[in-house]
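Residue numbering restarts at 1 for every chain, and letters A, B, ... go by the order of the sequence lines. Quick note: numbers below take in every heavy atom, side chains included, and nothing from hydrogens, waters or symmetry partners.
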Amino acid sequence: MTPEEIINPANRVYARPRLLTEANTHYCPGCSHGVVHRIVAELLEEMGLENRAVGVAPVGCAVFAYNYIDVDWVEAAHGRAPAVATALSRLNPDNLVFTYQGDGDLAAIGTAETIHAANRGENIAIIFINNAIYGMTGGQMAPTTLLGQKTATTPYGRRADLNGYPLNITDLLAQLRGTCYVTRQAVHTAAAARKTKAAIKKAFENALAGKGTSVVEVVGTCSSGWKMTPAQANDWMAEHMTEHYPLGDLKNE
Amino acid sequence: MKEEIIIAGFGGQGVLSMGKILAYAGLMNDMEVTWMPSYGPEQRGGTANVTVILSDSAISSPVLDSYDTAVILNQQSLDKFESKVKSGGTLVYDPSGIHHKPTRTDIKVVEVNAMDAMMELGNAKAYNMILLGALLGLRPVVPMDAVLRGLKKTLPERHHHLIPLNEQALLKGMSLVG
Amino acid sequence: MEEVRLMKGNEAIAHAAIRYGADGYFGYPITPQSEVLETLEAEMPWETTGMVVLQAESEVAAINMIYGGAASGKAVMTSSSSPGISLKQEGISYIAAAELPALIVNVMRGGPGLGTIQPSQADYYQATKGGGHGDYHLIVLAPATVQEMADFVALGFDLAFKYRTPAMILADGIVGQMMEKVVLPEPRARRTQAEVEAQCPWAATGRHGREHRNVVTSLELDPSRMELNNERFQRTYAEIEANEVRYAEYYTDDAEYLIVAFGSVARICLKAIEDARAKGVKVGLLRPITLWPFPKTRIGELASQAKGILTVELNAGQMIDDVRLASECRVPVAHFGRMGGIVPNPNEVLDALYNHFPEAKP
């Protein structure tokens, strides 16, 4: 069989979504961001939202999300994406406004903005990538870092007495009356990625329907920060992360 | 014509609203006006004062170092403002809050027992209107109809039925100095 | 003809914002400016013009809401007082760097720190020299009357959109809290979405068929491109300095002594000058209306004819730096100020003038 025979539309099982730009991403091999970006781009196209979607990018590894998904974007200051999205949504109620944030952005520096936007029930979708580490700055402790997990700032492992406990912020958000849909998903297997896609789709639908705030946490990996191969990182995630951050819906109203 | 007035007492005595009604009366009378409150966390009990300027021409400073007229409702305010009344000016005070009476002789000092008058009228809310009436009796800087129109502007509609009571209090205050 | 009303400066700002056709206000309560948010909530403009009003969870959230709203081309504003404005500085830097129009109101109180709630002008440096990180300027308007509080809302928004840069109304507790007569501007309709998109082709409005995506960001990791961005900002600032200087003069024609003061302090000085003129003292007043751009050319001209200049400020001497630079050492420049929320009266101003320039004393 020649390469030409293989590269044949009839054999195609996957193509780059039209709204995923051709720019090379700066993400490390094995990073969960790539999968989630692909899912978001696919959904925006499939749901016909390319002309009315506005994303809010965080500070963190996903800071350049706006280079990869071909819709309008606003790059927020660190942690402030939910506040930026609040105004975008209230002033442009016909648009789909979503934030795309990491664990440091959403659960450390931006905790207040996250909780208050969700508590007001802003009609936005929050996509939250939790990989339990600060990737962009070089692998320091995140609010979601597990007890015992080694990072650049917890070189002997996170200790509750020194560093406090891993923050299950999604569980907190599920308690708020402003949220309509709160779920925790993953993208480490094809099946998990399909569930994540369904979850983000529901979050977008809720925002468009004015039902309140939806939060989709994606428990992800950071092979560079965790100092593992991508395959090891997937295994470590399935074994350790899901114990503290169990997958599934926390709220679906 | 330009009248520079300080009204000073405890918060809750109606100092700021008395000034406001005076300012609105000036507005109704087509005068230039400024109303500059001392503002602070205190709502009741702390000291409060307001500077009201009424003038036929443009007003420069809303902050003053001396006044044509002072309306004084407690001892602290008397201590602070007695010396700041311009020579030949007027100081109106309610003796119920005053232990050491004013001593200046180059100004017109008028004691107005608004507390007793208020008891006679049987309405605690009339207190500041009695004093405003006394002030206007001594210094007729705005006509009575302008004051009543000013009152209408400052009171929410649901309190407009209180206007006759206020008018009665104003007249009572005038009679105390007349 | 609009009715003449009596209201506080803070209330005038709120009414003027609705009448301007502002799209949104986002703020957090702080004395002495809380009447802005209170008045907007009482007026319920979302029922009439469609203006969005939101009490944010913090000043930090509020300024980032402004960033988000402005990024979609909407006319949005916030207001606060000194400590709250400090919290907003990060967001203001981002708004300037992303070249977004926005209106920020600072009704100054005495600092530093939590300080006092009484009037101050101690945020002059912060407002005119940047405030947040990086090389940027705000257009800074200093109202002296309740009428200017109302008028500068429209002026601030118009300048912000003309130059795609944030504008600030730098008021103080006096002009925020005092009531005087004001004629509110004629109401005008909010821009339609089509008008917003035509006026702001750069805005993140949703693509709506646009060929390319719009990205609003202040991030540019390539230094050579970031330098180009900075050069573009500086060209804008040079254009603003050339076109938008505003000031008012009183009794300057024959003035031998010049007082420079802004905001409500200028009015206190004007009364002092009226008293001094009555005794034959030739003293005049220059009141900068734009603190940035600063009226340095005109102050330079007046410095050539004056024997001395006194700046009067509610701070330890901040604007005096700009006055000294403008006067180019042609004339002695002295400062008189009160701090911590104390407001000087006209007599103190004259005492300071005669103290610094004894030959001026009649």
Side-chain angles (χ1 to χ4, degrees), chain B residues 2 4 6-7 16-43 46-67 80-81 83-84 86 142 146-147 149-156, chain C residues 3-10 31-35 42 81 107 109 116-119 144-147 172-183 250-251 261 263-275 277 285 287 312 314 338 341-351:
Chain B
K2 186 181 208 180
E4 299 174 330
I6 180 90
I7 305 167
L16 298 188
S17 60
M18 179 178 167
K20 201 177 263 188
I21 291 158
L22 194 54
Y24 269 97
L27 174 75
M28 294 296 139
N29 207 32
D30 287 329
M31 301 167 91
E32 296 301 322
V33 295
T34 63
W35 175 92
M36 178 65 214
S38 66
Y39 60 90
E42 64 275 315
Q43 297 292 322
T47 58
N49 68 69
V50 61
T51 303
V52 177
I53 307 175
L54 304 169
S55 175
D56 293 333
S57 53
I59 298 165
S60 52
S61 177
V63 177
L64 300 171
D65 39 49
S66 59
Y67 308 90
K80 189 169 175 187
F81 293 112
S83 63
K84 296 191 174 165
K86 292 177 200 170
V142 278
V147 179
R149 280 187 291 145
L151 250 177
K152 229 174 172 170
K153 274 271 174 189
T154 46
L155 284 178
Chain C
E3 183 192 355
V4 180
R5 296 159 192 246
L6 194 60
M7 63 173 67
K8 288 187 172 192
N10 290 336
T31 308
Q33 64 79 52
S34 296
E35 293 87 355
S81 180
V107 182
R109 56 189 253 184
T116 170
I117 58 176
Q118 299 303 321
T145 62
V146 172
Q147 186 65 53
D172 57 61
I174 299 172
V175 73
Q177 289 294 326
M178 72 181 288
M179 289 203 307
E180 63 185 340
K181 281 160 80 167
V182 59
V183 177
Y250 310 84
Y251 306 106
S264 33
V265 177
R267 298 175 61 167
I268 296 168
C269 294
L270 187 57
K271 170 134 179 136
I273 288 167
E274 287 163 358
D275 294 349
R277 285 264 165 187
L285 172 71
R287 172 170 77 90
V312 182
L314 301 184
R338 297 298 302 266
I342 300 289
V343 178
N345 60 44
N347 265 345
E348 290 177 73
V349 171
L350 282 184
D351 287 348

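Arg109(C) contributes a side-chain N or O that, together with a main-chain N or O of Thr31(C), makes up a donor-acceptor pair within less than 3.5 Å. Although no hydrogens or angles enter the test, the distance criterion places a donor-acceptor pair under 3.5 Å between the side chain of Gln147(C) and the main chain of Val183(C). Of the possible polar contacts, none joining the Asp65(B) side chain to the Asn345(C) backbone as a donor-acceptor pair under 3.5 Å is found.
A salt bridge links Lys86(B) and Glu4(B); the closest N-O separation between the charged side-chain nitrogens and carboxylate oxygens is under 4.0 Å.
Heavy-atom distances place both the backbone and the side chain of Pro119(C) under 4.5 Å from chain B. Of the two parts of Met31(B), only the backbone, made up of N, CA, C and O, holds a non-hydrogen atom closer than 4.5 Å to a non-hydrogen atom of chain C.
When Gly26(B), Gly19(B), Ser61(B), Ala23(B) are compared by the number of non-hydrogen pairs under 4.5 Å with chain C, Ser61(B) comes out ahead. Contact count versus chain B (heavy atoms, under 4.5 Å) is highest, among Lys8(C), Gln177(C), Arg5(C), for Gln177(C). Contact count against chain B (heavy-atom pairs under 4.5 Å) is highest for Ile174(C) among Ile174(C), Val343(C), Thr145(C). When each of Val146(C), Ile268(C), Val175(C), Leu270(C) is scored by its heavy-atom pairs under 4.5 Å with chain B, the top score falls to Ile268(C).
Open room surrounds NZ on Lys20(B); 12 or fewer heavy atoms of other groups in view lie less than 6.0 Å from it.
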